[in-house]
Each structure stands twice: as structure tokens, then as C-alpha cells.
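Contents: one structure, followed by commentary.
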There are 2 protein chains.
Amino acid sequence: MFKKITQQRIFEDLVAQIEGAILDGRLKTGDQLPAQRDLVDMFQTSRGPLREALRVLEQKGLLEIKRGVRGGAVVKQPGMAPVAESLGLLVRHREITLAELSEFREGVEGSVAAIAAQRATPADIRQLKSLLKQAKKHVGDGIEAWQAFCHVDNRIHVAIAKAAGNRVYEFVLRMVHDNIQQYYEAHPLKGQPFMQENYQDLCDIVTALEKRQATAVRALMQSHVRRFNRYMNSQGGNP
Amino acid sequence: MFKKITQQRIFEDLVAQIEGAILDGRLKTGDQLPAQRDLVDMFQTSRGPLREALRVLEQKGLLEIKRGVRGGAVVKQPGMAPVAESLGLLVRHREITLAELSEFREGVEGSVAAIAAQRATPADIRQLKSLLKQAKKHVGDGIEAWQAFCHVDNRIHVAIAKAAGNRVYEFVLRMVHDNIQQYYEAHPLKGQPFMQENYQDLCDIVTALEKRQATAVRALMQSHVRRFNRYMNSQGGNP
DNA sequence: AAGAAGTTAATGGGTAACCCATTTAATTTG
DNA sequence: CAAATTAAATGGGTTACCCATTAACTTCTT
């Protein structure tokens with residue numbers, strides 16, 4: 001209900017004030033804050049706490065700090081990096097397992113695809129088909145074929161998320177993808193059949209997407225992701 | 001591919017070292033770090049950068065810092081608070097809209113319910129039914145009836161997430177719920193019919209869940225959440 | 001002129017020495 | 001024995017420096 005009051009610390013007040021100014025628009029993206037020595041004057045405090053506040057705001061992704069003349073703190077547009085970072089901490093701290101994350105990804109990718117089926121524009125479909133053509137070229141053996149295929153596969157997933165037209169899904173998807181990726185740093189070599197299967201999955205997905213069959217797309221996407229996870233877990237470096 | 005090298009700053013090295021020690025288990029939850037003056041000795045640096053590092057780690061939810069004798073930095077189990085915080089920033093910075101967040105919630109709640117339909121134990125079902133009984137009591141008019149009903153409704157959602165047995169879903173759900181909630185600080189009064197409808201939704205969901213009808217549960221849950229969002233948007237304080 | 005090289009000054013980063021406030025534990029006192 | 005007091009450890013904050021970096025300015029060379 002209420003939050004514990006520990007706020008006797010100056011840096012917390014500084015963070016709150018600057019963050020407030022950014023969030024309600026008094027400070028806009030790209031604006032430059034005064035130099036630390038001036039801020040210290042304005043806030044009537046000393047550099048220690050001020051620096052701590054700037055560190056925190058930097059870590060939150062709200063500021064970027066450059067050194068040298070004409071340097072200083074610049075207001076930054078916060079992206080999903082801090083969200084991904086803290087989620088990554090949970091994963092690496094083993095509070096959530098790879099299996100849970102994979103299952104989550106399965107559901108989210110399914111939902112994203114289902115929404116995309118309702119909203120994809122002809123332009124989206126065209127782009128997906130062009131990506132499919134690229135993917136087809138990369139179906140083959142060898143490590144560089146695998147990497148190229150993965151790259152296109154990823155672009156297809158992102159394109160579908162964009163077609164769904166919801167940035168939350170897009171953010172979450174990329175976030176989860178990045179965090180899962182960390183588990184498979186050194187990909188073992190995948191064979192041509194695996195890529196062939198995956199390529200077929202993608203074709204089916206795009207086809208169903210074009211026909212706006214939302215539930216079918218969801219199921220196809222889920223089984224596609226599940227297949228990928230299964231392969232990764234069986235052969236990959238799950239520690 | 002590579003990350004920009006700006007790491008001449010001492011505090012970043014300190015953060016990396018301490019974070020590393022926590023993540024690979026050399027420091028466990030509950031462990032106490034040496035006093036700042038000792039750490040300064042160990043790291044051969046000065047208090048300024050050390051304090052900045054501790055601030056960052058505190059903000060990441062990895063440390064808790066107490067003052068006074070026997071105080072100091074204690075390793076903390078990082079929860080979802082930092083993730084929720086940074087997501088909240090994105091929402092408040094208007095990078096993502098309430099509509100997008102609501103749609104996301106719809107999909108996630110649907111997936112959670114579908115998984116729960118496959119996994120719910122008899123004990124889970126029993127608990128849900130007992131919560132339904134409580135909800136029934138609160139269906140009525142007046143602001144306190146509405147608040148009580150909301151409280152039970154929320155408990156039911158959480159219980160379903162727990163039944164799904166995937167903490168990622170549980171985290172994400174609570175995170176999204178908290179962030180959506182902020183938009184509706186002052187709930188306008190809802191009438192008895194609205195609560196009646198919602199209660200009926202919940203009953204249908206639990207019934208389908210007991211029968212393990214995953215797709216039906218997903219659809220029911222989605223329409224339940226959608227109804228809630230629609231009401232909130234039409235009458236609520238969406239700025 | 002034009003460009004290269006050096007200079008300057010602003011700015012963040014870091015250090016050291018110090019004091020204050022808080023908090024727990026030990027000690028004194030009634 | 002309990003309450004009050006004192007002591008000591010610890011984080012928080014302040015001040016006064018100095019250093020490293022960097023953009024802008026100046027000067028020199030061709």
C-alpha cells in the first residue's frame with residue numbers, strides 16, 4: 001500500500017527530481033543538463049551525492065554522460081535495454097530457468113503471430129515473402145549456412161512482431177530472444193534437415209498469415225518455437 | 001556484435017566484479033560485504049567510485065544497504081521489482097501506450113490460462129473455487145464492494161498464474177498489472193452489473209479450466225480481460 | 001588559403017581527509 | 001534487573017584538490 005520511507009538520502013531526492021523532470025517533459029530527449037559543478041550549486045549539495053544520482057539515472061537508461069569540454073549529462077530516450085538487463089539478471093541468478101523462459105517465448109510468439117494475422121498489411125506480407133526467399137538460399141550444411149539462416153529467421157520473427165503493430169510484444173520478444181541466446185553462445189553445428197524443417201515451418205506460417213488464419217498461425221508458430229527449443233536443449237550447451 | 005568500450009571508469013569495473021561474484025555464487029543471498037573503508041582498501045580505490053558502484057548495484061536490486069553499526073551492504077535476492085521499474089519508465093515516458101500494454105496483457109493472460117488448463121492440480125482447482133465463493137460475496141454496489149471484488153479478482157488471476165507453474169508468466173503478469181493499475185489510480189464507481197458480468201466470466205473460466213479445455217479457457221480469459229480494459233477505458237481516467 | 005599541429009579551457013573522473021547521523025552493543029546507573 | 005547512557009562502527013555528506021579527456025581555438029607550415 002505505502003512504500004517504506006528511507007528517503008533521507010540526498011541522491012534519492014536528486015534522482016526523483018531529475019527523473020520527474022524527464023518524465024513530465026520539462027527535460028526532453030537530447031537536452032543537456034548543466035555541468036556537475038553548476039548542478040551542485042543549484043541543488044545546494046555536493047558532488048558525491050550528485051554523481052551517485054547521475055550514475056543511477058545512467059543505469060536506468062535516462063541519461064548518457066560524456067566527458068571532456070561540452071560534455072556532461074544528456075537526456076536519452078530510454079529503450080528496452082534496462083528492462084532486458086534486469087530480466088537477464090533474474091535468468092543468470094537462476095531465479096527463472098531456461099525452460100520457463102522458453103515456454104514463455106512460445107506463448108508470446110504465438111500471440112504475436114495471431115495478432116499479426118489480423119493486422120498484417122500487404123506490404124508486411126510482401127516483406128515476409130522476400131525474407132523467406134533469402135532463408136531458402138541459406139538452407140544448407142555448414143556453420144556459416146547455419147548462422148546465415150539464423151539471422152534471417154530472426155529477421156522474420158521481428159518482421160512478424162512489427163506487423164502485429166504492438167511495441168510491447170516487439171520489446172518483450174527481443175528481450176526474451178536476447179536472454180535465451182546467451183545460453184547458446186557456442187552453437188553446435190546443425191544439419192541441413194533441421195534447417196529444412198524450420199524453413200518449412202516459416203513458409204507455413206507466412207501462408208497461414210496471409211490467409212488471416214489466426215488460430216492456425218498461433219499453433220504453427222508455437223510448434224516452430226517448440227521445435228527450435230527442443231533441438232537447442234538436446235544438442236545445445238544447456239549448462 | 002561488440003560493445004562499445006567506455007570502461008575506463010572505475011565504478012563500472014567494481015560493479016562488474018561484485019555483480020560477477022554474486023551471479024556465480026561466490027557471494028550468496030544474505031552475505032554481508034565488508035565495510036566501505038575495507039572495500040576501498042581491497043580494491044585500491046577511493047570511496048567515491050565505490051559508493052557509485054554500490055548505488056548502481058542497489059538500484060539493480062542486488063544489494064541492500066543499511067546504515068549504522070553492523071550495517072553495510074547485504075546481498076539481496078533480486079526480484080522482479082527492477083524489471084517492473086524499468087518497464088514502468090517506458091510506459092510513463094509514453095514510449096508504449098496503455099492500449100498496447102492492455103493488448104499485451106490480454107494475450108499473456110490468455111496463454112497463462114491455457115497453460116494452467118493443462119497443468120492445474122486438483123488443489124489448484126479447489127483453491128480457485130474457494131476464491132470464487134469469496135468473489136460472489138463481494139458482488140454488489142458501492143465503492144467498498146468494488147474494491148473487495150477487485151482484490152479477489154486479482155487473487156484469482158495470480159492463482160491461475162501459479163497453477164500454470166511458470167514464474168516468468170507470473171512475473172510478467174504482475175508487472176503488467178502493476179503498470180496498468182497506475183493509470184487507474186482513482187477508480188470510478190462500478191455498478192453491480194459490471195461485477196456480475198465479471199463474476200460470471202471467472203466462473204466460466206474456472207469451469208473450463210477444470211475440464212482442461214485449453215483453447216476455450218484462452219478465449220474466455222481474453223474476453224474477460226478485454227471487457228475489463230474496455231470498461232476501464234470508457235469510464236476510467238485514461239489521460 | 002588550407003590544413004596540420006599544438007594550446008587552452010571546460011568538464012567528468014578520481015582521491016584524500018574530514019565530519020556528521022544513525023544504529024547497535026556494551027556499560028553504567030537507579 | 002531494567003532503563004538510561006555511552007561508545008564505537010558504519011554509511012552519508014562535504015570540501016578541496018588534481019588528473020584525463022575532449023571540443024574549440026590558435027598558430028604554424030606548406
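Here the structure is a predicted model, which means the values were calculated and not measured. Per chain, numbering begins at 1; letters A, B, ... match sequence-line order.
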Original post:
For Arg70(A) and dT22(D), is the shortest distance between a side-chain N/O and OP1 or OP2 below 4.0 Å?
Top reply: no
Subject >> Distance, rounded to the nearest Å, where Gln8(A) contributes CD and dG13(D) contributes P >> reply: 10 Å
**OP:** Please list, by residue number, the residues of residues 39-61 of chain A whose heavy atoms come closer than 4.0 Å to an atom of DNA chain C; answer none if no residue qualifies.
**Re:** Arg47(A), Arg51(A), Arg55(A)
Show me the donor-acceptor pairs, under 3.5 Å and distance only, between side chains in residues 39-52 of chain A and residues at least two apart or in other chains.
from     : atom 1 : to       : atom 2 : distance (Å)
Gln44(A) : NE2    : Asp41(A) : O      : 3.1
Arg47(A) : NE     : Gln36(A) : OE1    : 3.3
Arg47(A) : NH2    : Gln36(A) : OE1    : 2.8
Arg51(A) : NH2    : Glu52(B) : OE2    : 3.3
Glu52(A) : OE1    : Arg55(B) : NH1    : 2.4
Glu52(A) : OE2    : Arg51(B) : NH2    : 3.4

Subject >> Listed partners of Asp38(A) passing side chain to side chain contact (heavy atoms under 4.5 Å, CB included), at least two apart >> reply: Pro34(A), Ala35(A)
Under 3.5 Å, which donor-acceptor pairs do the side chains of residues 157-169 of chain A form with other protein atoms, sequence neighbours left out?
from      : atom 1 : to        : atom 2 : distance (Å)
His157(A) : ND1    : Glu109(A) : OE1    : 2.9
His157(A) : ND1    : Glu109(A) : OE2    : 3.0
His157(A) : NE2    : Asp153(A) : OD2    : 3.4
His157(A) : NE2    : His224(A) : NE2    : 3.3
Lys162(A) : NZ     : Glu170(A) : OE2    : 2.8
Asn166(A) : OD1    : Val168(A) : N      : 2.8
Asn166(A) : ND2    : Glu100(B) : O      : 3.0
Asn166(A) : ND2    : Glu103(B) : OE1    : 2.8
Arg167(A) : NE     : Glu100(B) : OE2    : 3.1
Arg167(A) : NH1    : Glu95(B)  : O      : 2.9
Arg167(A) : NH2    : Glu100(B) : OE1    : 3.0
Arg167(A) : NH2    : Glu100(B) : OE2    : 3.4

Original post:
Going 5' to 3' on DNA chain C, which nucleotide is the first and which the last to come under 4.0 Å of a heavy atom in chain B?
Top reply: dG13(C) to dT24(C)
**OP:** Tell me which of Gly68(A) and Leu33(B) sits closer to the 5' end of DNA chain D, going by the nucleotide each one is nearest to.
**Re:** Leu33(B)
Subject >> Residue pairs involving residues 27-36 of chain A (criterion salt bridge (Lys or Arg N to Asp or Glu O under 4.0 Å); sequence neighbours excluded) >> reply: none
Donor-acceptor pairs under 3.5 Å, side chain of residues 126-135 of chain A to any protein atom, not counting sequence neighbours: which ones?
from      : atom 1 : to        : atom 2 : distance (Å)
Lys129(A) : NZ     : Glu210(A) : OE1    : 3.1
Lys129(A) : NZ     : Glu210(A) : OE2    : 3.1

**OP:** Could I get the full list of side chain to side chain contact (heavy atoms under 4.5 Å, CB included) partners for Ala81(A), not counting sequence neighbours?
**Re:** none
**OP:** List for me each residue that meets side chain to side chain contact (heavy atoms under 4.5 Å, CB included) alongside Val69(A), sequence neighbours excluded, and say none if there are none.
**Re:** none
**OP:** Taking the side chain as every heavy atom from C-beta outward, state whether Glu19(A) and Leu89(B) have any pair of such atoms under 4.5 Å apart.
**Re:** yes
Subject >> Gln36(B) vs dA9(D): side-chain N/O to OP1/OP2 distance below 4.0 Å >> reply: no
